[in-house]
Amino acid sequence: MTMALENVLAKAGLRVDATEFLTLVEDAARRLSPLAPNPAEFFPSDTRAALTDVGLDLSPYEEDEADFRARTVAAHAVFAESSLTANEVAKNLGVDRSRVRHKLSEGRLTGWKDQSGWRLPSWQFTGSGVLPGLEVVLAAVPADQPALVVAAFMSTPQEDLVINERPATPRQWLLAGGDPEAVVALVEVLGTPF
């Protein structure tokens, strides 16, 4: 199993050994939710009634069901492993680590703190600096959107962003010199139900 996992991690370009990756998975699973949640317990009785009236199933998780958390846990683990430390970003940008923290506090970079310090998603960097238009886009990201959601948005092709007659990801769009305002129009409504 360890060799197979190491092969998968290597193919995905993740520089982590299998044991460390499994620790990341375990940590992400622990943080996400209880082992066998009963969705009904998360809502007051009037909300439960309204949700079941419109057809939502709030029955408890059954032991023989596939665990709905697995995909999210894997995504969190990969996301964490592919992020950069403040030291790595500082080195790549040719600045002091305190400058990176300053950019984070100003919203000019995005990241989160874990037990080892700041982690910055790699999607916001290029080989030679930060993604063009990044500051404009980050200013428009709704404050309630988790880093993983923003990363998924930035790496998912959007029909409104077209390069060579094909939908492009917001990251590709910005790298190609596209107008950041086109990405802003999409990211502003991230998490808004239609």
Side-chain angles (χ1 to χ4, degrees), residues 6-17 20-21 24-25 28 71-114 116-194:
E6 287 176 355
N7 287 337
V8 169
L9 294 171
K11 285 180 185 176
L14 295 173
R15 298 177 313 260
V16 61
D17 67 36
E20 184 180 348
F21 185 77
L24 290 169
V25 170
R71 184 178 302 275
T72 303
V73 167
H76 273 271
V78 169
F79 184 56
E81 176 53 33
S82 65
S83 67
L84 304 170
T85 66
N87 285 341
E88 290 170 326
V89 170
K91 183 179 177 186
N92 292 346
L93 297 180
V95 299
D96 188 73
R97 192 175 77 193
S98 65
R99 189 76 192 125
V100 172
R101 288 192 309 269
H102 187 70
K103 287 177 181 263
L104 283 160
S105 70
E106 292 177 334
R108 295 170 53 205
L109 290 174
T110 187
W112 71 94
K113 260 189 164 176
D114 66 12
S116 62
W118 279 101
R119 302 293 297 181
L120 294 89
S122 59
W123 64 262
Q124 62 192 326
F125 302 103
T126 67
S128 60
V130 297
L131 190 63
L134 178 66
E135 290 180 36
V136 175
V137 172
L138 289 179
V141 173
D144 64 345
Q145 292 305 300
L148 185 59
V149 170
V150 177
F153 166 77
M154 292 300 291
S155 61
T156 301
Q158 305 293 322
E159 303 228 351
D160 295 338
L161 305 175
V162 178
I163 299 175
N164 296 328
E165 300 178 19
R166 299 184 70 181
T169 70
R171 185 176 193 287
Q172 291 168 332
W173 176 262
L174 295 171
L175 282 170
D179 184 0
E181 292 300 327
V183 178
V184 165
L186 297 171
V187 80
E188 286 178 323
V189 296
L190 197 61
T192 305
F194 292 95

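The figures here come from the full heavy-atom set of this structure, side chains too, leaving out hydrogens, waters and symmetry mates.
In this structure the side chain of Leu138 never reaches within 4.5 angstrom of the side chain of Arg108, judged on heavy atoms. Contact check for Asn92 versus Phe125: no side-chain heavy atoms found under the 4.5 Å cut-off. Using a 4.5 Å heavy-atom cutoff, the side chains of Leu186 and Asp160 are in contact. Counting only heavy atoms from C-beta outward, the side chains of Pro170 and Leu161 approach each other to under 4.5 Å.
Arg97 CZ: 12 or fewer foreign heavy atoms inside a 6.0 Å radius. Summarising the local packing, CD of Glu106 is surrounded by more than 12 heavy atoms from other residues, nucleotides or ligands at distances under 6.0 Å.
When all heavy atoms of Ala80 and Arg119 are compared, the pair lying nearest together is O-NH2, 2.9 Å. Counting all heavy atoms, side chain and backbone alike, Pro142 lies closest to Val187 at CD-O, 3.2 Å. Taking both residues in full, the closest heavy atoms of Pro157 and Pro167 are given as CB-O, 3.9 Å, listed atom of the first, atom of the second, then distance. Among all heavy-atom pairs drawn from Asp179 and Trp173, the shortest one is O-NE1, 3.0 Å. Listed here is the closest heavy atom pair of Val137 and Val184: CA-CG2, 4.1 Å. Closest of all the heavy-atom pairs between Gly129 and Leu93 is CA-CD2, 3.6 Å.
Taking CG from Asp96 and NE2 from His102, the interatomic distance works out to 12.0 Å, rounded to the nearest 0.5 Å. Rounding to the nearest 0.5 Å gives a distance of 8.0 Å between CG of Leu175 and CD of Gln172. Leu134 CG to Leu174 CG: the interatomic distance, rounded to the nearest 0.5 Å, is 8.0 Å. The CH2 atom of Trp112 sits 8.0 Å away from the CG atom of Leu120 when rounded to the nearest 0.5 Å. Note that the CZ atom of Arg171 and the CD atom of Gln124 stand 10.0 Å from one another [nearest 0.5 Å]. Leu131 CG to Met154 CE: the interatomic distance, rounded to the nearest 0.5 Å, is 5.5 Å.
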